[in-house]
2 protein chains.
Amino acid sequence: MSAGKQLKPTESELEILRVLWEKGPSTVREVHEILEQSKDAGYTTTLKLMQIMHEKGLLQRDASSKTHIYAAAVSQENTQRQLLDKMIDTVFNGSASQLVLQALGNHKSSKEELEKIKQYLNEIEKQQRK
Amino acid sequence: MSAGKQLKPTESELEILRVLWEKGPSTVREVHEILEQSKDAGYTTTLKLMQIMHEKGLLQRDASSKTHIYAAAVSQENTQRQLLDKMIDTVFNGSASQLVLQALGNHKSSKEELEKIKQYLNEIEKQQRK
DNA sequence: ATTTGTTTACGAAGATATTCGTATATTCAT
DNA sequence: ATGAATATACGAATATCTTCGTAAACAAAT
């Protein structure tokens, strides 16, 4: 499976992807109006970015109507994994658990979340014993 | 407390920091020779980068002898935390445990490491009950 | 002292990412 | 049809990051 590797989105591109992951297929204006809330950029800036992302294969678009509809062409999970792997590699010297300890140490996680993580660890250990 | 905030190192800057964290205070040449093993760049490129990092406050240097000695001015842990926090924020929508699950799922961790994480989780839960 | 090798300093080219102005097309209301 | 509003396309300015050429300073060897 798998065609060519997905390339790493830039900071701005990630902001756009987040909107599309959350809201689903949207027009440039819709995306732009969300972005405007947290940063200030012109409309054509958002447009241009989304066009470039489309060229790169990060977004797909439906141009059948005058106002194009864009959607993420890469999944949130794949992108998260890609960026996370890179961070483990370049920032945590390849040690995922080092990163995990840091992450747990500096953020309040709810009891439920912690429980979920523990269960997960147990499963992994069971796997390993086999 | 807190003096001005530490600014985010770029990709290349991070490579240099990693060398200095590992080897301690070093000359440009020493750093460069390590970098050469994994990438190819000219000596003056490494020099320039380290000079810029010094200006930015990422490195400190001892210029008392002809050949300057550079050292990291930011700690590995602080930098890791900074980059990790940003990733949790921008890539994992603020959910540290989401990131943790991803990290555990996609990397083999040794039994010892997993055990360490579990102990840590227990401690956190103990804290929370208080 | 002159040459040779190593170092820093400086400036600028090249690459990539971000921003926006302007032109052109389309739609809709009048 | 004309004008106002909104969309896309395009090109280019700006900013940031990365790279390196070249010159000047210095040190060591001959």
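First the proteins, then the strands, lettered A, B, ... as listed; each starts at 1.
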Please evaluate residues B:L58 and B:E13 with respect to the criterion side chain to side chain contact (heavy atoms under 4.5 Å, CB included), reporting the C-alpha separation (whole Å), side-chain torsions for both, the decisive distance (0.1 Å), and the verdict. CA-CA 9 Å; B:L58 290 172; B:E13 290 173 343; 3.5 Å; yes
Can you measure B:H32 atom NE2 to C:dT6 atom C1' for me and round it to whole angstrom units? 13 Å
Roughly, in whole Å, what's the span from CG in A:L7 to P in C:dT16? 12 Å
Under a plain distance cut-off of 3.5 Å, with no hydrogens placed, do A:S64 and A:D62 share a side-chain donor-acceptor pair? yes
Distances under 3.5 Å only, N/O to N/O: pair up the protein atoms with those of nucleotides 18-22 of chain D.
| residue | atom | partner | partner atom | Å |
| --- | --- | --- | --- | --- |
| D:dT18 | OP1 | B:S12 | OG | 3.1 |
| D:dT18 | OP2 | B:T10 | OG1 | 2.6 |
| D:dT18 | O5' | B:S12 | OG | 3.4 |
| D:dC20 | OP2 | B:G42 | N | 2.8 |
| D:dC20 | OP2 | B:T45 | OG1 | 3.0 |

Under 3.5 Å between N/O atoms: give me all the protein pairs with nucleotides 26-30 of chain C, atom names plus distance.
none

Please confirm whether the shortest side-chain N or O distance from A:R29 to OP1 or OP2 of D:dT6 is below 4.0 Å. no
To the nearest 0.5 Å, tell me how far A:L17 CG sits from A:Y70 OH. 13.5 Å
Check the distance between D:dG11's C1' and A:L47's CG and give it to me in whole angstrom. 13 Å
Going from CG on A:L83 to OG1 on B:T90, what distance comes out if it is rounded to the nearest 0.5 angstrom? 8.0 Å
Determine whether more than 12 heavy atoms belonging to other residues, nucleotides or ligands lie under 6.0 Å from atom CD of B:E22. no
Hey, what do you get for CZ (B:F92) to CG (B:L84), rounding to the nearest 0.5 Å? 9.5 Å
Does the side chain of A:K86 come within less than 4.5 Å of B:E11's, by heavy atoms? yes
Can you tell me the distance, in whole Å, between the NZ atom of B:K56 and the C1' atom of D:dT16? 9 Å
Any side-chain heavy-atom pair from B:E30 and B:T27 closer than 4.5 angstrom? yes
Could you state the NE2-P distance from B:H68 to C:dT7, rounded to the nearest angstrom? 11 Å
Specify the separation, in whole Å, of atom CD1 of A:I16 and atom C1' of C:dT18. 11 Å
How bent is the helix from C:dA1-D:dT30 to C:dT30-D:dA1, comparing axes over its five end pairs at each side, to the nearest 10°? 10°
If you measure from the Lys or Arg side-chain nitrogens to the Asp or Glu carboxylate oxygens, is any gap between A:E36 and A:R29 under 4.0 Å? no
Would you please confirm or rule out a distance under 4.0 Å between OP1 or OP2 of D:dA9 and any side-chain N or O of A:Q51? yes
In whole angstrom, give the distance that lies between atom NE2 of A:H54 and atom P of D:dC10. 13 Å
Report the distance from atom CD of A:Q98 to atom CD of B:Q76, rounding to the nearest 0.5 Å. 8.0 Å
Gap between atoms CG and C1', on A:L35 and C:dT18 respectively (whole Å): 13 Å
If every non-hydrogen atom of B:Q6 is compared with every non-hydrogen atom of B:T79, which pair is closest and at what distance? NE2-OG1, 3.0 Å
